[in-house]
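Below is one structure, written out as structure tokens, with a few remarks after it.
To find a chain, count down the sequence lines: A is the first, B the second, and so on, and within it residues start at 1.
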Amino acid sequence: MSNFEPNIIAFLCNWCSYAGADLSGTSRYKYPANIKILRVMCSGRVNPLMIVQAFREGVDGVVISGCHPGDCHYTQGNYFARRRFILFRRFLEFLGINPERLALSWVSASEGKRFADLMGEVTEKIRDLGPIKDFTEEN
Amino acid sequence: MNLFAIKEAAKQALSQKGVKFVIGYTKGSYGFRVAPCFVESEGEAEKLLFSPLCDLSLVNYLTLERNTPLEKGGKSPEEKMGIFVRGCDSRAINQILSEKGIKREELILIGIPCPGVIDLKKLEGKFPGVLGQAEVEEKAGIYIIRFGGESSAVKKEELLSEKCKHCAFPTPLVYDLLVDEKVEAKEERYEDIKLKEEATLEEKGEFWKNEFSRCIRCYACRNACPLCYCEDCILERLSPQWVKRSVNPGENLIYHLVRAFHLAGRCAGCGECERVCPVKIPLMLLNRKLEKDNQALFNFMAGMDPEQKQQFLTSFDLKDSGDFIL
């Protein structure tokens, strides 16, 4: 599909990744407009239900981003997120959904450039995968 | 299986102080069915039995009994509950105990080392329309099935329940009384799961779409699950409504994904979900996939330790693999 534009939701943690995205903007780095940012207080707050809900509403890819290990504002929230999504991604794969659609990344508040690069990378990957159909299928 | 030992164990449990009832198995009203029963006196204990037909788990009755709304001004029951547990049931109980769903002090566990039970769907498929009471006995790898004055022999592998083929814990892990000799355990290798994992994404997607498209969303799998005892279930929430009620392939996928993931690191592998499914969806594949990953990646197994402080998804290890992280 040549003119397919993916819809991507990014759950960014308030303390690192959201500030990173902010820095990316104020430093005038460009990243694709396909990314829609949702701010959460911590990557550990992201519930798999939210991701499922996003997929159902027609989102083609989800990015979850938090502080680097050891840097979490809440000391350990990102470790919980990591364990949860290791398992969740493998489970998605078992159900026949490409796990690449769910990306986890660590971006700190000073990594504006890295944030823009990452979002470009993710958008390209999802663009190649095409739209998600599994969750929106009706009878 | 020694029926006398079962009755004696029940009587012994009932004779202890404060034991209100013992939950066990008795004859069903027709065919191959076995019914759960609450035995309150030693005389009643005579009707208890255990046979390869006892494929149902009784653990649910414990949490149901505890969640019963009290009468106005009524006191919370102090009585103890006795229950017969097989290996898989004991794991479920361990898990509930570690989650503080029930207290160990209010339980008398009578362990049954279980050599495996029959899948009733397979048995009824082989002998359809049996209405009179039937009996099944296991002798050296062969089931002897008696009904209507006839008896026939069927190989154990043909009728054995799927969950029992992979059972690594036939002897209960936790019990107060044990009625028989321990059964030797075999190692769980998750071979069927490995086979499924090797398929391509498209094949897996097609397989599950095919399976889930049959789902009628009766929620029997949730109701039968001993670990699904939350009073406020996510499936009944209306605001926000995480799982919608429409029955279509997309929504069914979401339902099964959510159900299985809520049991990640908690499923004890008793196979109740698969047993009660009216449309025969292989739900244990989902649960065992999560169990396999938990064991392989985090060396975690649900229901092994009733004293376990932290649950799987509410704990972490600094060494958890992060190789997929961008």
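- Heavy atoms of B:L257 lying under 4.5 Å from chain A belong to its backbone as well as its side chain.
- Heavy atoms of B:F312 lying under 4.5 Å from chain A belong to its backbone as well as its side chain.
- A:F88 touches chain B through backbone and side chain together, each having a heavy atom under 4.5 Å away.
- For B:T200, no part lies under 4.5 angstrom from a heavy atom of chain A.
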What pairs of donor and acceptor atoms, side-chain ones from residues 45-54 of chain A against any protein atom, are under 3.5 angstrom apart with sequence neighbours left out?
unit_1 : atom_1 : unit_2 : atom_2 : d
A:N47  : OD1    : A:L49  : N      : 3.0
A:Q53  : OE1    : A:R56  : NH1    : 2.4
A:Q53  : NE2    : A:E57  : OE2    : 3.4

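- Using modelled atom types and a 3.5 Å distance limit, the side chains of B:S57 and B:D89 yield a donor-acceptor pair.
- Looking at B:K209, the atoms closer than 4.5 Å to chain A (heavy atoms on both sides) all sit in the side chain, from C-beta outward.
- Your options are A:R114, A:K133, A:E93, and the one with the most heavy-atom pairs under 4.5 Å with chain B is A:E93.
- In summary, the side chains of B:E99 and B:Q95 do present a donor paired with an acceptor at a separation below 3.5 Å, with no hydrogens or angles considered.
- Residue contact with chain B, scored on non-hydrogen atoms closer than 4.5 Å, involves the side chain of A:L92 exclusively.
- For the 3.5 Å distance criterion, the side chains of B:E251 and B:H256 fail to qualify, holding no donor opposite an acceptor.
- When atom types are taken as modelled, the side chain of B:R266 and the backbone of B:H262 share a donor-acceptor pair closer than 3.5 angstrom.
- Remark: the backbone N or O of B:L235 is not paired with any side-chain donor or acceptor of B:R259 at under 3.5 angstrom.
- In this structure, the portion of B:Q241 lying under 4.5 Å from any heavy atom of chain A is its backbone and not its side chain.
- Of the atoms belonging to A:L118, it is side-chain heavy atoms, and not backbone ones, that fall under 4.5 Å from chain B.
- When heavy atoms are compared at a cutoff of 4.5 Å, B:L286 approaches chain A by way of both its backbone and its side chain.
- Of all the listed residues (B:N294, B:I254, B:L313), the one sharing the greatest number of non-hydrogen pairs under 4.5 Å with chain A is B:I254.
- Ring to ring, A:F115 and A:Y29 are not that close: their centroids are 6.0 angstrom or more apart.
- Both the backbone and the side chain of B:D317 have a heavy atom closer than 4.5 Å to some heavy atom of chain A.
- When B:Q308, B:Q311, B:E307 are each tested for a side-chain hydrogen bond (donor to acceptor under 3.5 Å, both in side chains) with B:S98, only one passes: B:Q311.
- Your options are A:I64, A:V63, A:L95, and the one with the most heavy-atom pairs under 4.5 Å with chain B is A:L95.
- For B:R214, the CZ atom counts as densely surrounded, since its 6.0 Å shell holds more than 12 non-hydrogen atoms of other residues, nucleotides or ligands.
- By the 4.5 Å heavy-atom criterion applied to side chains, B:D55 and B:I118 are not counted as neighbours.
- Neither the backbone nor the side chain of A:E100 has a heavy atom closer than 4.5 Å to any heavy atom of chain B.
- By number of non-hydrogen pairs under 4.5 angstrom with chain A, the leading residue of B:G250, B:A264, B:G265 is B:G250.
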